[in-house]
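Here the structure is a predicted model, which is why all the values come from computation and not from measurement. Index from 1, following the sequence.
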Amino acid sequence: QVHLAESGGGAVQAGGSLSLSCAASGYTGNPACMAWFRQVPGKGREGVATIPRYTSPTYAESVKGRFAISRENDGNTMSLQMNSLEPEDTAMYFCASGDRAICTLDTEAYNAWGQGTQVTVSS
């Protein structure tokens with residue numbers, strides 16, 4: 001059974017930085033796609049960034065140039081470095097993994113999810 005565990009997150013002032021990590025277990029091999037999503041109360045889950053196993057990542061327009069997603073060589077550990085944080089980045093952040101041929105920022109592309117970690121950015 002696949003299990004995703006997030007770590008990191010917390011509270012920071014606007015302009016600050018935070019780093020999130022996600023460890024995947026239970027895979028035979030590595031997931032084709034790993035991604036970060038975020039969600040605020042009352043809204044749907046929004047794709048932040050996705051990183052395929054062997055090709056370049058994709059970012060939401062709202063985080064381009066500020067966030068960087070990466071995967072470790074083992075393929076099962078993923079990180080999200082968040083810089084120049086804004087109050088609008090405040091949300092619960094979720095790690096996700098899936099095995100579709102094309103990695104997108106749609107929730108339907110992922111079949112395993114972590115429990116989430118809170119990021120709060122104050123102005």
Self-check item: Option from I69, I51, T50 for which side-chain contact (heavy atoms from CB on, under 4.5 Å) with W36 holds
Solution: I69
Self-check item: Minimum side-chain heavy-atom gap Q13-V121 below 4.5 Å
Solution: no
Exercise. Could you walk me through whether S62 and E46 pass side-chain contact (heavy atoms from CB on, under 4.5 Å), step by step?
Key: CA-CA 11 Å; S62 59; E46 173 194 22; 3.8 Å; yes
Quiz item: Hey, does the side chain of E72 reach the backbone of N76 with a donor-acceptor pair shorter than 3.5 angstrom?
Solution: no
Exercise. Looking only at non-hydrogen atoms, find the nearest pair between S56 and P52 and report the distance.
Key: O-CD, 3.2 Å
Quiz item: Can you tell which of M82, Q81, R66 makes a side-chain contact (heavy atoms from CB on, under 4.5 Å) with S17?
Solution: Q81
Quiz prompt | Considering all heavy atoms, the nearest Y110-G98 contact | solution = CD2-N, 3.7 Å
Quiz item: L80, M92: one ILVMFWY side-chain cluster at the under-4.5 Å cut-off?
Solution: no
Self-check item: Y27 versus D99, closest heavy-atom pair with distance
Solution: CE2-OD2, 3.8 Å
Quiz prompt | Over all atoms of both residues, closest heavy-atom pair of V40 and A91 | solution = CG1-CB, 3.7 Å
Self-check item: Sub-6.0 Å ring centroid separation between W113 and F37
Solution: yes
Quiz item: Looking only at heavy atoms, which two atoms of Y59 and A68 are closest? And how far apart?
Solution: OH-CA, 3.3 Å
Self-check item: Check: E6 side chain, C95 main-chain N or O, donor-acceptor pair, under 3.5 Å
Solution: yes
Quiz item: Would one find more than 12 heavy atoms of other residues, nucleotides or ligands at under 6.0 Å from atom CD of E86?
Solution: yes
Practice problem: Looking only at non-hydrogen atoms, find the nearest pair between L4 and A24 and report the distance. | Solution: CD2-CB, 3.3 Å
Quiz prompt | Polar side-chain atom of N30 near backbone of D74 as donor-acceptor pair, under 3.5 Å | solution = yes
Quiz item: Is M78 close to S97 at the side-chain level, that is, under 4.5 Å between some pair of heavy atoms?
Solution: no
Quiz item: Side chains of M34 and S70: closer than 4.5 Å at any heavy-atom pair?
Solution: no
Quiz item: With a 4.5 Å heavy-atom cut-off, do L85 and F67 have their side chains touching?
Solution: yes
Quiz item: Any side-chain heavy atom of L18 within less than 4.5 Å of one from D89?
Solution: no
Practice problem: Check whether any side-chain N or O of T90 sits under 3.5 Å from a backbone N or O of P87 as a donor-acceptor pair, and report yes or no. | Solution: yes
Quiz prompt | NZ or CZ of R45 within 45° of F94 ring axis and under 6.0 Å | solution = yes
